[in-house]
Amino acid sequence: MKKNIIKSIKGFKDILPDEIKYYRFFEETIGKISSQFAAEELRLPLIEKSELFHRSIGDGTDIVNKEMYDFTDKGGASICLRPEGTASVVRAAIEHNLIYDRGLKKQKYWYYGPMFRHEKPQKGRYRQFSQFGVEYFGFSDTNSDIELLMMGNLLLKELNIENAKLHINSLGDMEDKKKYEKIIFDHLSMHKDNLDEYQKDTLEKNPLRLLDSKSDNVKEILLNIPMLYETLSVTSKNRFDILMGKLDSLKINYILDNSIVRGLDYYNDTVFEWRHESLGSQNAICAGGRYDNLVNTIGGDDVPAIGFAMGVERIIEILKSEDNFEIEKNTSIGIINISSENEVYPHLISKDLRSEFSDINFYNTDSSASLTSQLKHAIKINDKFAIIITDDNIKNKNLTIKASENQMADMLISLEDLIKYMRNKHE
Ligand code: ATP
Ligand code: MG
């Protein structure tokens, strides 16, 4: 009879040891870069009240409408697995008075962790994925936009990711956004017959979202609409011109891209996205923008803010495809134990070795197996060196080692001499 094997859920991925080195490298790098920019880390719950995202991301968006893992818990509360980090950071910042406490505190935060969205799983798109995100509170001028963009660029550089392209746009203020929404709505309404049901629905709920539609029919209809930039108010345009001027002076490459509108309601003015063409259609690796009204929407005071979120799986995909990625591996040494069952000496030896050599991986082989099979295993781990502990060793308070310069022949040695020997070899 075939066994009924339980498998993981679609869109939820196991990360196996082979991939861990890329994640470690990524995690080390974000820690380093964040502190270079004086951003502090926040670790927040994976579950929040559903209302938090209804209020912030918006009811007309895909994330809230279709992709939320929301449910009623046993106490009847309406809760969800967080689909993104920004709203939670804002929630926590208000709750703990991190940004407003009898005056505005200017703060910079970062987070890293899993997010959940019920999307169609495919390459670069999972139902559980990780984001690294940065949020700046209290900074309103273009210098904070520039600082954040520089941080993103430096991070990509430190990760050795080349060829990422920065696309930017400005949504203007809420008025500008509404004005442009109407332009799109009016324009597409004239061509309703060419839209499918889903597109018609989006047109009603969130017309801006159709700007970054991948469907040819929508792209074609929108070909002749004015650029968002052209419709901005004088103040918004002025702000965006200053920003682009600074990017030019700083020689930061960017593409002014009218299709960048972001899928979330809370953005205003600057919006941006880094893309990496090697990834195919899921090519956005990091995205963000300014959200000056969100703190207020969630219940706090008026605090300007800007942030981004980086998709970790897509970054890891790029790291994996680059063959120059090599992390120095720690030396591994097998410790073979063929002493009697009630002996503890091998544990004491292992403990001493581990505290003496913190960067060596000691692998205790299976002590219930024969010497031959343990030795075979130890040689697989390290074909030049292995440590053996027998009953005789215990009696004589020494160890047996096999070293390749000795053709793996046995050698007796005291623990102190072994430590001296290994220290010499190790340096
Ligand atoms: P997309 O257009 O790819 O759906 P998005 O606009 O929904 O992205 P954001 O909410 O801005 O994405 O999230 C920021 C980043 O997180 C994205 O640029 C992407 O790298 C990553 N990301 C978003 N959704 C997923 C997912 N389902 N699986 C893996 N990574 C994701
Ligand atoms: Mg999405």
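Keep in mind that this is a model prediction, so the values were computed, not measured. First listed ligand is number 1; within each ligand, the first listed atom is number 1.
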State which residues pass ring pair (Phe, Tyr, Trp, His ring centres under 6.0 Å) with Phe185; sequence neighbours excluded, sorted by chain then number. none
Check whether more than 12 heavy atoms from other residues, nucleotides or ligands sit under 6.0 Å from atom NZ of Lys380, and answer yes or no. no
Lys214 N/O to ligand 1 N/O under 3.5 Å: no
Identify, with sequence neighbours excluded, every residue that meets side chain to side chain contact (heavy atoms under 4.5 Å, CB included) alongside Arg354. Ser350, Phe362, Asn364
Hey, what's the ring geometry for Tyr112 with Phe26, parallel, tilted or perpendicular (30° and 60° as the breaks)? tilted
Would Phe272 and Ile260 count as a side chain to side chain contact (heavy atoms under 4.5 Å, CB included) here? Give the steps. CA-CA 7 Å; Phe272 53 87; Ile260 302 280; 5.7 Å; no
Could you check whether atom CG of Asp73 has more than 12 heavy atoms from other residues, nucleotides or ligands sitting under 6.0 Å from it? yes
Glu119: numbered ligand 1 atoms lying under 4.0 Å from its heavy atoms: 24 (N), 25 (C), 26 (C), 27 (N)
Here the atoms of ligand 1 under 4.0 Å from any heavy atom belonging to Arg262 are 6 (O), 9 (P), 11 (O)
contact_flag Gln282 ligand 1 heavy-atom lt 4.0 Å: no
Any Glu313 heavy atom less than 4.0 Å to ligand 1: no
For the 3.5 Å polar cut-off, considering only N or O atoms, please tell me whether Gln131 and ligand 1 meet it. yes
N-O pairing of Asp241 and Lys237 below 4.0 Å: no
Quick one: does Asp269's side chain get under 4.5 Å of Leu243's, heavy atoms only? no
Closer than 4.0 angstrom: is that true for some heavy atom of Arg314 and an atom of ligand 1? yes
May I ask you to check if Lys108 and Phe139 form a cation-pi contact, with NZ or CZ under 6.0 angstrom from the six-membered ring centre and within 45° of the axis? yes
Selected option - heavy-atom contact closest to atom 10 (O) of ligand 1, from Arg117, Lys120, Arg275, Arg127: Arg117
Protein heavy-atom partner closest to atom 28 (N) of ligand 1 - residue, atom, separation in Å: Tyr126 N, 3.0 Å
Strictly under 4.0 Å, does any heavy atom of Met115 approach an atom of ligand 1? no
Selection from Glu317, Gln128, Arg125 by shortest heavy-atom distance to atom 4 (O) of ligand 1: Arg125
Atoms of ligand 1, numbered as shown, that sit under 4.0 Å from any heavy atom of Ala287: 11 (O)
Ligand 1-proximal atoms of Asp212, by part, heavy-atom distance under 4.0 Å: neither
Checking contacts here: is it the side chain or the backbone of Glu273 that comes within 4.0 Å of ligand 1, counting heavy atoms only? Could be both or neither. neither
Do the side chain of Ser213 and the main chain of Arg209 share a donor and acceptor less than 3.5 angstrom apart? no
Between Met310 and ligand 1, is there a nitrogen or oxygen pair with a distance under 3.5 Å? no
Heavy atom to atom 17 (C) of ligand 1, shortest distance: which of Ser130, Ser281, Ala284 holds it? Ala284
Per-atom contacts of ligand 1 with Gly124, taking only distances under 4.0 Å to non-hydrogen atoms: 28 (N), 29 (C), 30 (N)
Return yes if a side-chain donor-acceptor contact under 3.5 Å exists between Ser233 and Asp176, otherwise no. yes
May I ask you to identify the nearest protein heavy atom to atom 21 (C) of ligand 1, giving residue, atom name and distance to one decimal place in Å? Gly311 CA, 3.5 Å
Is there a protein heavy atom less than 4.0 Å away from atom 6 (O) of ligand 1? yes
Kindly identify the option in Phe132, Phe129, Phe308 whose heavy atom sits closest to atom 31 (C) of ligand 1. Phe129
Distance from Phe25 atom CZ to Ile316 atom CD1, nearest 0.5 Å? 9.5 Å
